[in-house]
Amino acid sequence: MHKLISIIILVIAASLTAGARGTERMQPETLHYKVMFKWGLINKKAGSATLTLSHGPKSYLAKLTAASEPWADRIYRVRDTLNGRMAYAGLTPLFYEKIAHEGGEQKHDVVRYNYSDPDSVKAFCTRKVFKKGVLRVDDSRTLSAAGETVDMLTSFYYMRKLPFQSWTPGHTAKLNIFSGKQKETLSIRYDGPTELEIDGKCVPTYHITFIFTSKGGQKSSDDMEAWISADSKRIPMRLEGKLPVGKVHCILTGSE
């Protein structure tokens, strides 16, 4: 069930330059998703997620909340909140926070970015892990990377700015992704244009695959697929990932 969390969060992830993100300010929005568990003939709602973008005094404010359904709580209870801030210029990440209640654990990750070095992106990261109310991990570290860098929340907005319309199938973009624990590599592979059926309607989309690796190119999690609307809004319509048993589908149910 832990892969369910990754899928929700990502709904929650051409050239890798700031210019590729554009300069037009994104409008405030709220996106709602349902998370479906599919295994054989079973196709049942396992959770829901809401992603909100608003304008702060000097930066975008992003927030993701995710929760499992009551029946899924008995197997693996999820109550997650992600908070983030991004500069208006270039969607540069400034702050990331994950407050997670997953199973019997509570985790609190914080990433604070530092751009004082023109040759690299640095981040001061802290992580606390509680098990049954007892603090088990209290860690802090500084991560650094050269090139484009995001976290699990800002990756959602970054991918919506990529010029898929000018890419050919198989084109792959790579960037760094920070968590409160480590630096990973996120590869975004474009698989081509696809007509996606949602609620009986066919929607033109860009089909992409997310590949996570760390430490010498070793996979750090299973690949995940996404279908993004092929219009100016670039809204992720559907995401899909594997579980040890079955698959999980994250599907857009509404936007405001």
Side-chain angles (χ1 to χ4, degrees), residues 1-13 49-54 56-68 76-159 174-186 210 212-216 218-221 224:
M1 291 293 287
H2 65 283
K3 295 300 181 187
L4 168 64
I5 315 305
S6 297
I7 294 287
I8 294 175
I9 290 174
L10 191 54
V11 166
I12 321 248
T50 298
L51 183 63
T52 302
L53 181 75
S54 60
K58 298 181 179 180
S59 59
Y60 292 111
L61 304 177
K63 183 173 185 177
L64 170 76
T65 58
S68 51
Y76 194 88
R77 186 177 186 272
V78 175
R79 298 292 186 276
D80 283 3
T81 299
L82 275 65
N83 295 304
R85 288 190 291 110
M86 300 169 287
Y88 286 128
L91 289 177
T92 305
L94 304 172
F95 174 83
Y96 167 75
E97 178 185 40
K98 177 183 177 182
I99 305 169
H101 299 263
E102 302 169 0
E105 287 189 342
Q106 298 179 26
K107 299 178 182 178
H108 189 192
D109 294 342
V110 175
V111 178
R112 294 180 173 88
Y113 292 87
N114 185 317
Y115 297 96
S116 58
D117 185 344
D119 297 323
S120 67
V121 179
K122 290 184 171 58
F124 180 68
C125 310
T126 61
R127 162 169 281 207
K128 295 181 185 293
V129 179
F130 297 84
K131 294 186 178 181
K132 297 182 179 180
V134 178
L135 181 63
R136 299 295 188 184
V137 176
D138 189 356
D139 183 46
S140 63
R141 64 189 65 193
T142 298
L143 302 176
S144 64
E148 288 286 344
T149 303
V150 295
D151 49 61
M152 287 300 291
L153 188 56
T154 55
S155 65
F156 171 83
Y157 298 99
Y158 178 91
M159 70 179 181
K174 294 186 177 183
L175 61 156
N176 307 298
I177 185 165
F178 285 160
S179 69
K181 182 179 180 181
Q182 63 182 345
K183 178 187 75 173
E184 298 180 71
T185 298
L186 170 60
F210 297 93
F212 294 89
T213 56
S214 63
K215 297 180 180 178
Q218 295 182 347
K219 279 197 174 185
S220 49
S221 64
M224 291 181 282

Apply the test side chain to side chain contact (heavy atoms under 4.5 Å, CB included) to residues F124 and V110: give CA-CA distance (whole Å), side-chain angles for both, the deciding distance (0.1 Å), then the verdict.
CA-CA 8 Å; F124 180 68; V110 175; over 6 Å; no

Heavy-atom distance under 4.5 Å between the side chains of F212 and I177, does that happen here?
yes

Pairwise distance SG(C125) to CG(L143) - rounded to 0.5 angstrom
4.0 Å

The reported gap from CD in E97 to CZ in R112 (rounded to nearest 0.5 angstrom) is 8.0 Å

Out of curiosity, D151 CG to E184 CD, how far, rounded to the nearest 0.5 Å?
12.0 Å

Do M86 and V150 have side chains that approach each other closer than 4.5 Å (heavy atoms only, starting at C-beta)?
no

For V78, is there any backbone N or O sitting under 3.5 Å from a side-chain donor or acceptor partner on S68?
yes

Can you label the angle between the Y60 ring and the Y88 ring as parallel, tilted or perpendicular, going by 30° and 60°?
perpendicular

Student check: side-chain heavy atoms of V111 and F95 closer than 4.5 Å
no

Distance in Å, T213 OG1 paired with K174 NZ, rounded so as to fall on 0.5 Å steps:
6.5 Å

Could you check whether any side-chain N or O of N176 sits under 3.5 Å from a backbone N or O of E148, counting only pairs where one atom can act as donor and the other as acceptor?
yes

Between the NZ atom in K63 and the OG1 atom in T50, the distance rounded to the nearest 0.5 Å is 10.5 Å

Pairing of D109 and K107 as salt bridge, 4.0 angstrom limit
no

Roughly how far, to the nearest 0.5 Å, is the CZ atom of F210 from the CG atom of L186?
6.5 Å

Closest approach of A62 and L53, non-hydrogen atoms and distance?
CB-CD1, 4.3 Å

Is it the case that K122 and S120 place a side-chain donor and acceptor less than 3.5 Å from each other?
yes

V121 versus F178, closest heavy-atom pair with distance:
O-CZ, 4.1 Å

Go through the steps to decide whether T126 and K128 satisfy the test side chain to side chain contact (heavy atoms under 4.5 Å, CB included), and finish with yes or no.
CA-CA 7 Å; T126 61; K128 295 181 185 293; over 6 Å; no

